[in-house]
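The chains referred to below are lettered A, B, ... by the order of the sequence lines, with proteins before strands, and numbering in each begins at 1.
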Amino acid sequence: MSIAVRLPDDSLRPLAEGATGVDLAAGIGSRLLEAALAIRQDGRLSDLKSPLIDGAKVEIVTSKDPESLELIRHSTAHLLAHAVKRLHPEARVGIGPVIEDGFYYDFWVDKPFTPEDLPAIEAEMRKIAGEAVEVVREDLGRDAAVARFQAMGEPLKVEIVSGIPSGDIISGYRQGDFYDLCRGPHVPNTSKLKAFKLLTTAGAYWKGDEKNQMLSRIYGTAFHTQKELDEHLKRLEEAKARDHRKLGKELGLYSFHPEAPASPFFHPKGTVVYNELVTYIRELYFKYAYSEVITPQILDVALWKTSGHYDNYAENMYFTTAEEREYAVKPMNCPGHCILFGSQKHSYRDLPIRYADFGRLHRYERSGVTHGLTRVRTFCQDDAHIYCTPEQIKDEMAAFLALLKEVYDTFGFEGMRVALSTRPEKRLGSDEIWDAAEHALGEALDEAGMPYTLNPGEGAFYGPKIEFQILDALKRPWQLGTLQVDYMLPERFDLAYTRADGGEGRPIMLHRAILGSLERFMGILVEHTAGAFPAWLAPVQVAVLPITDRAHAFSAEAADRAKALGLRVELDGRNESLKAKIRDAQLAKVPYMLVVGDREAEAGTVSVRHRHRGDLGVQPLGDFLEGLAAEVRERRR
RNA sequence: GCCAACUUAGCUCAGCUGGUAGAGCAGCUGAUUCGUAAUCAGCAGGUCGCAGGUUCGAAUCCUGUAGUUGGCUCCA
């Protein structure tokens, strides 16, 4: 008996019955056998050692295959667990999946692993890889698997396997004395794992549930070659160098202090950037017909009970009492806007009404979740609420999408992705209302021709939402904008408008933001630009650098003229060398430097240096200043 | 909130197994007047996060606490 499989070049290859991918690869060539990691039969990835199916389309998977990286990482996770079991036989294994950029493995140990433990474990991994231990699939019935893991003293594995229906076949893999539950596939032997690194340790709950056992997690990554691994580690370094917490301190933008945990102090330079962002959004609000309002910071608790925040969000709110009356510090602007809307009679002719608010918000975030500027306890959103009729939702969405695109384009963000989040478990309102709201958003997106993904159960408690995600300069995704439909608050605040027929209509409320939190946006922007803000945002837009004292008078004149044009200029009159002044201006990421020596002072010119483009040559002072003023006015990138 | 690590001068960091704190940069003073990423010299600067404890003696060991960091979890 013999079988035949079809190769990618469409040729048929006859093989003996029971032949595996190993036989196939070996038959084609020893180089291929060496490179082979797995096979794909009729589109399904499986072990190199799995038997070939007669008539199947088969390809040998090598490192060139995109899916093979996942395979390598998964096998490396097993290698990690194998090494840990050798060094720490008492450790109980959890799970070890592949994640973006690497893998992790969870262990139940008395003493959690620390970074100091990693070199020894990594060395053991290299040892096992060097031993070229065969990786063999061993399938077991459910009950046999439970028995085996019980015998091995692996309670977590027993728990997983026990959750699988009795009678099912469970796949597992053995490499030497290590056996693990796994769907596979895996590399044929451990020598295929050549480029890996353990990165960090962390605590993690079993099954991600805080009520469960805390396990010790080891993170690592793996690649096909050392070169790819090195490049990845270099990228990590680059991201670290752009960390907004580090750059914010270095550039003197903001700082954090124990007196107000997770709450930024914006220094003068950071405040310039912050205010420029607000000014920009304000200008767009004028263009897009929003009305800015200012509402109180502290409001009666009764308001938050009406809005539903008290019941759903109290654990994240700050409370205060005065004259025996209980107040809450606002965690969002919406209820205040509802009071505003309800304070007057509205005609259908007035709608939509768009209230924008840069009010400061406070939310109590649990101590472990705060992070630099991206997760803080006090912040401000480019927040606005639109009150409109059901018929106006689509137009409002279209206008918002245009606004959103304009803003993201200004900052050079690309690759926008859109997600529609639907009803969560903890929510207000009837299913009928949710049906209508979810439908309205989906339809509007369809009409705008925007592809989107669904996030079931991720909506806000008062309504479904659309989230807009962009990619920064390092191609990292960030969620910035959001648009949420809210049928609940108008109901709870009994908001109304007079319809054309004289009857009363209930407005629909749209919550929307483009940048999200200004604090968080600033952090993202710092990482996106590596601190080199475009001229319109730069805290110092131009530095004047006199070479000698003789150039001081003209330098001062240059600075004054820049200031008269509204430019943020700094005159570096220190008794330092030109080299030193340039270095300091470069490190401060000042976009333009004007070198002024005897020649320039004499001719009324400046020698222009750009932080990235270097020496741009000599220009008349007036020409340069006008050019820069235009660059700033147009908010060029 | 949970697990772990970290916290020393304004900043970045040294400080071996406990013997009573050190560098570079920044700052100040002086000299130097200089052409596209650090001129030279001198001076000054710290209750070693905070509170207890062990010890003849604590930056160092122990306990507690705060903040930060990496994760978990959460995220209107």
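- For A:Lys579, taking side-chain heavy atoms from C-beta onward, the closest of the listed nucleotides B:A37, B:A76, B:U68 is B:A37.
- A:Pro464 places none of its side-chain heavy atoms less than 4.5 Å from the side chain of A:Arg423.
- No contact: A:Ala551 has no heavy atom under 4.0 Å from any strand.
- Across the interface with RNA chain B, nearest-nucleotide mapping of A:Asp549 and A:Gly372 shows A:Asp549 to be the residue nearer the 5′ end.
- When each of B:C11, B:A76, B:U39 is scored by its nearest atom to the side-chain atoms of A:Lys249, the top-ranked nucleotide is B:C11.
- Shown here, B:G46 forms no base pair; nothing in the strands shown gives a Watson-Crick or G-U wobble contact with both key distances under 3.5 Å.
- Between the C1' atoms of B:A58 and B:U8, the separation comes to 14 Å (whole Å).
- Using cut-offs of 30° and 60° on the angle between ring planes, the pair A:His244 and A:Tyr254 is tilted.
- As rounded to the nearest Å, B:A66 and B:U29 have C1' atoms that lie 39 Å from one another.
- A close approach under 4.0 Å does not occur between any side-chain nitrogen or oxygen of A:Arg574 and OP1 or OP2 of B:A38.
- Look at B:G22: its Watson-Crick or wobble partner, with both distances under 3.5 angstrom, is B:C13.
- Separation of the C1' atoms belonging to B:G22 and B:A51 is 27 Å when rounded to the nearest angstrom.
- Nucleic acid contact for A:Tyr313: base, since at least one base atom lies under 4.0 Å from a heavy atom of the residue.
- Nucleotide B:C34 holds its C1' atom 11 Å from the CD atom of A:Glu576, rounded to whole Å.
- Residues A:Leu483 and A:Arg512 come closest through the heavy atom pair CD1-CB, 3.7 Å.
- Contact annotation for A:Leu215: no contact, since no heavy-atom pair falls under 4.0 Å across all strands.
- Looking at heavy-atom distances under 4.0 Å, A:Lys581 makes no contact with the nucleic acid at all.
- Taking for each of A:Asp243 and A:Arg375 the nucleotide of RNA chain B with the nearest heavy atom, the 5'-most of the two is the partner of A:Asp243.
- Ranking B:C72, B:U33, B:G1 by closeness to the A:Arg217 side chain, first place goes to B:C72.
- When the C1' atom of B:C72 is taken as reference, atom CZ of A:Phe107 falls 16 Å away, rounded to whole Å.
- Nucleotides B:U65 and B:G70, compared at atom P, are 23 Å apart to the nearest Å.
- Among the heavy atoms of the strands lying under 4.0 Å from A:Ser367 is at least one base atom, whether or not backbone atoms are also near.
- Taking the six-membered ring for Trp and thresholds of 30 and 60 degrees, A:Tyr313 and A:His309 have ring planes more than 60 degrees apart, a perpendicular arrangement.
- Across the strands present, B:C34 finds no partner; the criterion is a Watson-Crick or G-U wobble pair with both atom distances under 3.5 angstrom.
- Spacing of C1' atoms, B:U54 relative to B:C61, comes out at 8 Å, to the nearest Å.
- Put simply, the side chain of A:His511 and the base of B:A76 share no donor and acceptor less than 3.5 Å apart.
- Nucleotide B:A4 is matched to B:U69 when pairs are restricted to Watson-Crick or G-U wobble geometry with both distances under 3.5 angstrom.
- Straight-line distance from the CZ atom of A:Phe113 to the C1' atom of B:G70: 17 Å, rounded to whole Å.
- Using a 4.0 Å heavy-atom cutoff across all strands shown, A:Asn312 reaches at least one base atom of the nucleic acid.
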Is there a side-chain contact (heavy atoms from CB on, under 4.5 Å) between A:Glu527 and A:Arg476? Walk through the geometry before answering.
CA-CA 10 Å; A:Glu527 305 210 356; A:Arg476 292 172 302 184; 3.1 Å; yes
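- Inter-residue side-chain proximity for A:Met522 and A:Phe266 is flagged as met; some heavy-atom pair is nearer than 4.5 Å.
- Looking at heavy-atom distances under 4.0 Å, A:Asn316 makes no contact with the nucleic acid at all.
- Annotation: cation-pi pair A:Arg217/A:Tyr104 present, NZ/CZ under 6.0 Å from the ring centroid and within 45° of its normal.
- You won't find any donor-acceptor pair under 3.5 Å spanning the side chain of A:Tyr205 and the base of B:G71, going by distance alone.
- Remark: the separation of the C1' atoms in B:A37 and B:C75 is 43 Å, to the nearest Å.
- When Watson-Crick and G-U wobble pairs are counted only if both distances are under 3.5 Å, B:A41 pairs with B:U29.
- The partner of B:U55, taking Watson-Crick or G-U wobble pairs whose two distances both stay under 3.5 Å, does not exist in any strand shown.
- On a pure distance criterion of 3.5 Å, a polar donor-acceptor pair joins the side chain of A:Glu600 and the base of B:G35.
- Residue-level contact check: A:Gly208 touches the backbone only, with heavy atoms under 4.0 Å from sugar-phosphate atoms and none from bases.
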